[in-house]
2 protein chains.
Amino acid sequence: MIQSVTRALDILEFLKLNPGGLGVTEIAQKLDVAKSTAHRLLASLEEQDYVQKTGKDSIYSLGLKFIEMAEVVTENLKIVDIARPLIEKLSRDTGEIVHLVMLDGNEVLYIDKVENASTIRIYSQIGRRGPLYCTGVGKAILAYLPEDEVDQLLAGVTMQPFTEYTLTTPEELKQEFQTIRANAFAYDNEEHERGIRCVAAPIFDHTQKSRYAISITGPITRMSDDILREYIPWTKETALAISRKMGFNPPKS
Amino acid sequence: MIQSVTRALDILEFLKLNPGGLGVTEIAQKLDVAKSTAHRLLASLEEQDYVQKTGKDSIYSLGLKFIEMAEVVTENLKIVDIARPLIEKLSRDTGEIVHLVMLDGNEVLYIDKVENASTIRIYSQIGRRGPLYCTGVGKAILAYLPEDEVDQLLAGVTMQPFTEYTLTTPEELKQEFQTIRANAFAYDNEEHERGIRCVAAPIFDHTQKSRYAISITGPITRMSDDILREYIPWTKETALAISRKMGFNPPKS
DNA sequence: AATGATGTTCCGTATTAAGGAACGAGATAA
DNA sequence: TTATCTCGTTCCTTAATACGGAACATCATT
């Protein structure tokens, strides 16, 4: 165990027990280290917002970073449970596979899947990862993310053409994002895999951010334009219902 | 800035962006350090539950510790705002000073105060600290804490007698806790300061823990037994109302 | 069975973080 | 006001410590 890290984490523990905050000297005593050491540890923690210093008197207390981090942790625990019954219904109503995905690095991570018994088996699996730029779910998420974040996510990726329909430049993509935002759903027209189409809609959490999405996926033989038109509102409604349960408050329009 | 601490916190940042988790090798690459270094950092973080390792495949992801920490942070932001209007009313109804306190280390920290204009000035101030064992608020909080936690808190304190009424042994205190729990409020009969009496009630949060309390404080000349009997239900009701707004679900009895 | 990729452990070295002391800033008291 | 404390911050030297490389173990893939 590395000493300085352990000590830094110990400080956080002390601050948890003293929500009113502690001074450098007090912390140094509790840790049984020199004041300068405690000070250096605190400076490192403060730099990344794990602790904050009240201007006056240099009293250190737990920082807002923890709220950020906890959101990620709790939502990942909640989302699958919340979404389960709703995506099951969607799958039953359509007879197609429904996926629940999460933004993970610069990919989407498939965190749940419901597959109707009658469906022809399509290879897909929980834990699988997929690209953002050429999947319905990926585009649905990206379309609602702040532009600088989108740029950052796309920067780490080469937009390789999986099929002749794959969009391969950020410009084309951003163009499509406007359509997606206007309609509140995203298509994937064989952009990732030949013969596979899907309809996807983003899920928002209580911070109004799109970090999840659902999609209905099926072979083009079954997913005709007419059928899709029917599925779209169902998908959107299901996504919105999940969003609400995640604490999302739709902006009044 | 301490290198190892900064690196450890950087890892947490990467994991936030990859809620699906990352392996040691991936993390080492992102950090640009040797695998062994990343591994050591992760082990230190894991030891304190900041990251967790899924048994299979050693994929590291953010740990449950963040939920714990965030609770402390958010509640301390919330409680004052939530409690304000309610303790204002209590002060108006009684004409006495009302305090809102928070458990902080092995003391109580006064985080808000409402003082009716007509009240004789009693020295008291936000930011002040007070002992747990001889204040109404302190005892109200302690009475509902798990016994091992109480022991730990009292261990770091010498129970000095402020007045002739001060309880000075843990045994006496624990005896009184039973009464407090039976009645759901705590008295302070000149135990901390001669001539000052108060009625206090604990506040519970959504984890069912008592980390806050309120009290009505006044000079013994005004705080007669008859008057107190009237104030008790008001105090309890106010505390319960605050608890509910903090997300507390009273156990069905 | 062999190869490759992963996570984990060990160890010598040099980087790095620790502690002490000096400094600065504020508060308190004479 | 000035002097004295206490606290936070900075600097610098030293040696403790965390680093990286390599070896090992485990597992999946071919």
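Numbers restart at 1 for each chain; the letters A, B, ... are given by sequence-line order, proteins then strands.
Fit an axis to the five pairs at each end of the helix from C:dA1-D:dT30 to C:dA30-D:dT1 and the two axes sit 40° apart, to the nearest 10 degrees.
The minimum heavy-atom distance between A:Tyr133 and A:Glu191, with the atom names listed, is O-OE1, 4.4 Å. Of all non-hydrogen atoms in B:Met69 and A:Phe66, the two that sit nearest each other are CB-CD2, 3.3 Å.
With respect to the salt-bridge test (charged N to carboxylate O, under 4.0 angstrom), the residues B:Arg197 and B:Glu190 do not qualify. Between B:Asp112 and B:Arg84 a salt bridge is recorded (basic side-chain N to carboxylate O distance below 4.0 Å).
Remark: P of D:dA18 and CG of B:Leu41 are 10 Å apart, rounded to the nearest angstrom. Remark: C1' of C:dA17 and CD1 of A:Ile2 are 10 Å apart, rounded to the nearest angstrom. B:Asp32 has its CG atom 10 Å from the P atom of D:dG21, to the nearest Å. Taking atom CD of B:Gln29 as the reference point, atom P of D:dG20 lies 14 Å away to the nearest angstrom. In this entry the distance linking CZ of A:Arg40 with P of D:dT13 reads 15 Å, nearest Å. Between the CG atom of B:Leu42 and the C1' atom of C:dT9 there is a distance of 15 Å, given to the nearest Å. In this structure, CE of A:Met1 is placed 14 Å from C1' of C:dC10, rounded to the nearest angstrom.
Under 3.5 Å, the side chains of A:Thr6 and B:Ser44 contain no donor-acceptor pair of N or O atoms. Looking at B:Ser91 and B:Glu88, their side chains never bring a donor and an acceptor atom within 3.5 Å of each other. No side-chain donor from either of B:Glu107 and A:Asn18 sits under 3.5 Å from a side-chain acceptor of the other.
At the phosphate of D:dA16, neither OP1 nor OP2 sits under 4.0 Å from any side-chain N or O atom of A:Gln3.
Aromatic ring pairs are classed by plane angle as parallel below 30°, tilted from 30° to 60° and perpendicular above 60°; the pair A:Tyr110 and A:His99 is perpendicular.
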Are any protein N/O atoms closer than 3.5 Å to N/O atoms in nucleotides 6-9 of chain D? If there are, list each pair with its distance.
{"from": "D:dG8", "atom 1": "OP1", "to": "A:Val24", "atom 2": "N", "distance (Å)": "3.0"}
{"from": "D:dG8", "atom 1": "OP2", "to": "A:Thr25", "atom 2": "N", "distance (Å)": "2.9"}
{"from": "D:dG8", "atom 1": "OP2", "to": "A:Thr25", "atom 2": "OG1", "distance (Å)": "2.2"}
{"from": "D:dG8", "atom 1": "O3'", "to": "A:Ser58", "atom 2": "OG", "distance (Å)": "3.1"}
{"from": "D:dG8", "atom 1": "N7", "to": "A:Lys35", "atom 2": "NZ", "distance (Å)": "3.0"}
{"from": "D:dG8", "atom 1": "O6", "to": "A:Lys35", "atom 2": "NZ", "distance (Å)": "3.3"}
{"from": "D:dT9", "atom 1": "OP1", "to": "A:Lys53", "atom 2": "NZ", "distance (Å)": "3.0"}
{"from": "D:dT9", "atom 1": "OP1", "to": "A:Ser58", "atom 2": "OG", "distance (Å)": "3.1"}
{"from": "D:dT9", "atom 1": "OP2", "to": "A:His39", "atom 2": "NE2", "distance (Å)": "2.9"}
{"from": "D:dT9", "atom 1": "OP2", "to": "A:Tyr60", "atom 2": "OH", "distance (Å)": "3.1"}
{"from": "D:dT9", "atom 1": "O5'", "to": "A:His39", "atom 2": "NE2", "distance (Å)": "3.1"}

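Taking CG of A:Leu77 as the reference point, atom OG1 of A:Thr74 lies at 7.0 Å (rounded to 0.5 Å).
Counting any heavy atom pair closer than 4.0 Å across all strands shown, B:Ser4 reaches sugar-phosphate atoms only and no base atom.
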